[in-house]
Amino acid sequence: MKYSANSVWENKDEYDVAVIGAGHAGCEAALASARLGMRTIMFTVSVDSIALMPCNPNIGGSSKGHLVKEVDALGGEMGKVIDRTFIQSKMLNKSKGPAVHSLRAQADKADYTREMRKVLEEQKNLDIRQAEVTEILTEDCMPLEGRELEKRKIVGVQTYSGCIYRCRAVILCTGTYLKARCIYGEISNETGPNGLQAANYLTDCLKELGIRMYRFKTGTPARIDRNSIDFEKMEEQFGDEKIVPFSFTTNPADIQKEQVSCWLTYTNEKTHEIIRKNLHRSPLFSGMIEGTGPRYCPSIEDKVVKFADKNRHQVFIEPEGLHTNEMYIGGMSSSLPEDVQYEMYRSVPGLEHAKIVRNAYAIEYDCIDARQLYPTLEFKEIGGLFSAGQFNGSSGYEEAAAQGLIAGINAALKLKGREQITIDRSEGYIGVLIDDLVTKESHEPYRMMTSRAEYRLLLRQDNADQRLTKKGYEVGLISEDRYQKLLEKEHLMEEEIQRLETTNVGTSQKVQEVLVQYGSTPLNSGTTLAELIRRPELSYEALEPIDKMRNKALSEDIVEQVNINIKYDGYIKRQKKQVEQFKKLEKKKIPDNINYDDVKSLRIEAVQKLNELRPGSIGQASRISGVSPADISVLLVYLEQYRNK
């Protein structure tokens, strides 16, 4: 039932932007808004939940590391904070090409929360308020030149206590807190993650505003007391000797430090048998859980059922921080009853005497169908209402931070009367993430993966600054000094690549010795240094003995960029041509007021989908499920006739 406060009163402080939620999306949204000069207030059900990491104790990972790098390139905060609080760092997929290299860092969860909270508390234009928002206040818009641009606009929010805060834009970053329910076995607690208070009333208001809602589910494994683990039965996992920072502003020399270890073990047939004989007690299979869970991060029950042919699954034992004995049991999320959890975990080598500190549980929560949003993350039907993070149907800290940053930027730009920004699929993983959310129908939590990006050779994590820092500068989140450093870096790269493309080497004994040393075919005639770098077994660094004119003052990141750009030059050029074709469709804009019922020869399903989603371009229309290439051809002809009229 909708909540109504006994007495309503108005706070005298007026704000431009109200951010609801203080998770990873809320933090980035609030900081972006405040840094762009907007008077911003961030609401949270508990200030102790600011930048909370209720599940895995790490930032980054496959494709997620790309998102963190892009957030940093645009002027966000996540990369800087994890650089200050990591306890182990590792570059994943190093045996593969640079397109899929992904940085991942174990965080000290308590330190991460503390550091991010400190940044927020010291940010000018930003207030933090512990209060539950129960109402989004709107009013009807007046028609402009005979046409309603937006049906409603934001005028404020109301809290559980009845206090009204006036504002001109709201960013919903509620995470997994809306009508949250934590479940294991037959136990169901109406709480948010980590036992924090759920937000039980805002959903009703959102539904009254006409917002379509979903019920999703995610989960987390148990936390085990470190002193009860036998690490001798596990494989120790070390961090990289040479640590690569997430933030382009972090000096690599400043973060080379001693790291903690993680450990790897495996489930076995005994584990699986315990799970199978207790499936009837799992709320996942009994029907007690209503929400849809993430396909790409399944519970251990799901794994045992869906991959019945596998006799073991990886289990990662990861520390939650330097000042706690809690260990995260990665790969064994569960909602089984407490007694079964003990039996299940204790069947795993090294966990025979495991003592559970926190039970594993599943969590259900309300979120939206993100197809109600523009690519700017603003609701199509409510002007000034933005949405970001898990509330948009995504999963993961990194996906949340990326959306929060874009929503915060665009809320500020809208209020300033400036054009809002979008990042398309050829510009960043953030663009892929948001385009997928607002275009494609999804009935499960969305997880970013490198395979979702069509142009991933161009969207590497190592060049995120070259792709996006200019946008951050134009918006106002990147300083002049940082932008000039980027321009200097790009100049040095281009200069060095040009030198290598035009520097010839002959068949001298020294050249042949270096080639033989790396198992490369000796030269019969002269060639350029760039052509040698393109050989798979050679690199910029390998040719140092025969490159007399190289600039030894070049930084490591510039050397890396030079090496990649030369080695993959042919592939990069080919992908850039593909992007040119993609851009042509993205530039073909579709008028807001088009009635697809008037477009003859469109299939009925296409008409329904296009009227529902209202795509902004032919490119976006082509990615809608149910719209065929033939429909796009019909639409292109119609638009040409429409414009001629």
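Computed from a prediction, not measured in an experiment: that's the story for all the values here. Along the sequence shown, residues are numbered consecutively beginning with 1.
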| query | Given side chains that start at C-beta, do those of D240 and S89 come closer than 4.5 Å, heavy atoms only? | reply |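 No, every pair of side-chain atoms sits at 4.5 Å or beyond.
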
| said: Can you confirm whether L437 sits close enough to Q403 that some side-chain heavy atom of one is under 4.5 Å from a side-chain heavy atom of the other? | reply: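 Contact flag for L437/Q403 side chains = yes.
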
| message | Run the side chain to side chain donor-acceptor pair (under 3.5 Å) test on E490 and Q466 for me, step by step, so that the C-alpha distance in whole Å, both residues' side-chain angles and the decisive distance to 0.1 Å come before the verdict. | response | CA-CA 8 Å; E490 291 177 335; Q466 297 163 62; 5.9 Å; no

| request: Establish, for the pair R312 and Y266, whether the NZ or CZ atom is under 6.0 angstrom from the six-membered ring centre and no further than 45 degrees off its axis. | output: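 Yes.
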
If you draw a 6.0 Å radius around [atom1] in [X], do more than 12 non-hydrogen atoms from other residues or ligands fall strictly inside?
{"X": "E556", "atom1": "CD", "result": "no"}
{"X": "E269", "atom1": "CD", "result": "yes"}
{"X": "K303", "atom1": "NZ", "result": "yes"}
{"X": "E258", "atom1": "CD", "result": "no"}
{"X": "E273", "atom1": "CD", "result": "yes"}

| request: Without swapping roles, check the side chain of N93 against the backbone of V100 for a donor-acceptor pair under 3.5 Å. | output: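 Yes: the side chain of N93 pairs with the backbone of V100.
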
| Is it true that the side chains of T250 and D83 contain a donor and an acceptor less than 3.5 Å apart? |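 Distance-only check passes for T250 and D83.
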
| task | Report yes or no: do Q561 and N463 form a side-chain donor-acceptor pair below 3.5 Å? | result |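 The answer is no; no qualifying pair exists.
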
| task | For a salt bridge (Lys or Arg N to Asp or Glu O under 4.0 Å) with E318, tell me which candidate from R223, R104, K90, R226 qualifies. | result |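 Result: among R223, R104, K90, R226, R104 is the only option passing the salt bridge (Lys or Arg N to Asp or Glu O under 4.0 Å) with E318.
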
| Carboxylate-amine/guanidinium contact R181 E364, below 4.0 Å |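 Salt bridge between R181 and E364, a charged N being under 4.0 Å from a carboxylate O: yes.
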
| query | Hey, what's the ring geometry for Y473 with Y483, parallel, tilted or perpendicular (30° and 60° as the breaks)? | reply |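 The arrangement is parallel - the two ring planes meet at less than 30°.
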
